[in-house]
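Worksheet: the structure to be examined is printed underneath.
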Amino acid sequence: MTTVDLPLLPLGRGADLNSERGVECPGDLPAASDPDLVARALAAKEALGDKVFVLGHHYQRDEVIQFADVTGDSFKLARDAAARPEAEFIVFCGVHFMAESADILTGPDQQVILPDLAAGCSMADMARLTQVEMAWEAMTAAGIADSVVPVTYMNSSADIKAFCGRNGGVVCTSSNAEVALEWAFEQKADVEGGAKVLFLPDQHLGRNTAVLKMGLTLDDCVVWDPHRPHGGLTAEQLRDAKMILWKGHCSVHGRFAPEVVDSLRAEIPGINILVHPECRHEVVLKADLVGSTEFIIKTIEAAPAGSAWAIGTELNLVQRLANAHPDKRIVFLDKTVCYCSTMNRIDLPHFVWAMESLAAGTVVNRIEVDPDTERWALVALERMLALPGKTEKD
Ligand code: 13P
Ligand code: SF4
């Protein structure tokens, strides 16, 4: 196995066999240590043939990603799901909001399956529809709702996307947030005082894009805290702001710290710091490059042999990049192990269980968005897919 220079040995590398015992799965799931799992996954996939299309997000485990027909970031996977109308089943190896988006973007005869229903997203859970509706009421009371365009990150539940669709807004991903914000500000450019954006649910992606790409200042941004009365903001603060950021964050990317950037720069001269825009603003300010997971992968692929990189994104992807590029020095931008625990819920036993069930004629763990939510979420998603200009990777 290629050794990777990571600050801490992550799990699964033979560091501590006692902590790496397989966990037995309940019910009919195969045991995690079952040596036949790979063969069973292959057999089920072969039996299903073109009826199944397997999508894998870049943060998925190696044991699962090997079975994906396509891999990608959330933007690419949304496009790929929409472009496969002939597949009866879409098995989504990712998290719940991604599977919901795939259900919305695919036809009524297609069924989307999430192998483990516990694969949610703590960031998406930070914005609930009732909370967002209360914030909207406060904006109406402050007399600004007519100038606000809601923009939600893909990492949100379908009902938040539907809220944006209903209220003239759009969905964005980490690879097209700048284009989406440009579009949003143009929608209300003629309103007195100019347009405002309510950005859900990731304050960091919103702030990083507004300040580093759109030329806004930190003073143009306020943070709406759904757990405080009136979001913790006065009506005047709401009226003065251009970006109203929802107080949400990614528990994985929120861990990266500016001090680690400093110590790695001191330790490894010439190291390049490459981070995802879900990282905190202080971290992004210290980075050399910032972009979505697709951007991170392409940057490493294009990097010269011998170059050194510290990457601030989910550990499964960083490890995979380190293993694929042994000619480059790739380290993880955190002192501790940091997988996305919900992405990691999709493991080989759950994947095999979902695939074998499908092959036997039983659909398990179907993700189905209700028709009214679907209708309005689709409006916001289609606005995203039709955005003018370029994403960072086109
Ligand atoms: P992207 O796939 O848009 O890079 O987002 C990363 C992420 O956090 C997915 O959950
Ligand atoms: Fe959610 Fe962050 Fe995990 Fe992505 S990496 S699924 S945003 S918790």
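In listed order, ligands and their atoms are each counted from 1.
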Exercise. Between M98 and ligand 1, find which residue part has any heavy-atom pair under 4.0 Å and reply side chain, backbone, both or neither.
Key: side chain
Quiz item: Would you say R280's side chain and H204's backbone share a donor-acceptor pair under 3.5 angstrom?
Solution: no
Self-check item: For ligand 2, the portion of E314 having any non-hydrogen atom under 4.0 Å away
Solution: neither
Practice problem: Identify, by atom number and element, the atoms of ligand 1 in contact range of Y153, meaning under 4.0 Å from any of its heavy atoms. | Solution: 3 (O), 5 (O)
Practice problem: Tell me which part of F295 gets within contact of ligand 1: side chain, backbone, both or neither, using heavy atoms under 4.0 Å. | Solution: neither
Quiz item: Is E278 touching ligand 1 with its side chain, its backbone, both, or neither, if touching means heavy atoms under 4.0 Å apart?
Solution: side chain
Quiz prompt | Name of the residue among N365, V54, V91 meeting side-chain contact (heavy atoms from CB on, under 4.5 Å) with P115 | solution = V91
Quiz item: Is there a side-chain contact between V252 and L315, using heavy atoms and a 4.5 Å cut-off?
Solution: no
Exercise. Would you mind listing which atoms of ligand 1 come within a distance below 4.0 Å of any non-hydrogen atom of T293?
Key: 1 (P), 2 (O), 4 (O)
Quiz item: Does NZ in K328 sit with more than 12 non-hydrogen atoms of other residues, nucleotides or ligands closer than 6.0 Å?
Solution: yes
Quiz item: How does H276 reach ligand 1, if at all, at less than 4.0 Å between non-hydrogen atoms: by side chain, backbone, both, or neither?
Solution: side chain
Exercise. Pull out every atom of ligand 2 sitting under 4.0 Å from any heavy atom of N155, numbered as shown with elements.
Key: 7 (S)
Exercise. Using a strict cut-off of less than 4.0 Å between a Lys/Arg side-chain nitrogen and an Asp/Glu carboxylate oxygen, indicate whether R61 and D347 qualify as a salt bridge.
Key: no
Quiz item: Going through the checks in order, is the salt bridge (charged side-chain N to carboxylate O under 4.0 Å, His left out) test met by D80 and R84?
Solution: CA-CA 7 Å; D80 289 344; R84 204 54 186 236; over 6 Å; no
Quiz item: Got the closest protein heavy atom to atom 2 (O) of ligand 1, with its distance?
Solution: H57 NE2, 2.7 Å
Quiz item: Side chains of T217 and D220: do they bring a donor and an acceptor to under 3.5 Å?
Solution: yes
Quiz item: Just heavy atoms, cut-off under 4.0 Å: does N155 contact ligand 1 by side chain, backbone, both, or neither?
Solution: side chain
Exercise. Tell me whether C250 has at least one N, O or S atom under 2.8 Å from atom 1 (Fe) of ligand 2.
Key: no
Exercise. Just jot down the ligand 2 atoms closer than 4.0 angstrom to any heavy atom of S122, in number order.
Key: 8 (S)
Quiz item: In terms of heavy-atom contacts, does CZ of R265 have more than 12 from other residues, nucleotides or ligands at under 6.0 Å?
Solution: yes
Quiz item: Does an N or O from T173, backbone or side chain, lie closer than 3.5 Å to an N or O of ligand 1?
Solution: no
Exercise. Say whether, by atom type as modelled, one donor and one acceptor occur between the side chain of K45 and the main chain of M355 under 3.5 angstrom.
Key: no
Quiz item: Quick check: does C340 have an N/O/S atom under 2.8 Å of atom 3 (Fe) of ligand 2?
Solution: yes
Self-check item: Short N or O distance, S174 and ligand 1, threshold 3.5 Å exclusive
Solution: yes
Self-check item: CZ on F53 to CD on E88, rounded to 0.5 Å
Solution: 15.0 Å
Quiz item: In the protein, which heavy atom is nearest to atom 1 (Fe) of ligand 2, and how far is it?
Solution: C121 SG, 2.4 Å
Quiz prompt | Close side-chain approach of V38 and F67, heavy atoms under 4.5 Å | solution = yes
Practice problem: Show which atoms of ligand 2 fall inside a sub-4.0 Å distance from at least one heavy-atom site of Y59. | Solution: 5 (S)
Quiz item: So, does M343 sit close enough to ligand 1 that a heavy atom of it is under 4.0 Å from the ligand?
Solution: yes
Quiz item: Where on M123 is there a heavy atom closer than 4.0 Å to ligand 1, on the side chain, on the backbone, on both, or on neither?
Solution: neither
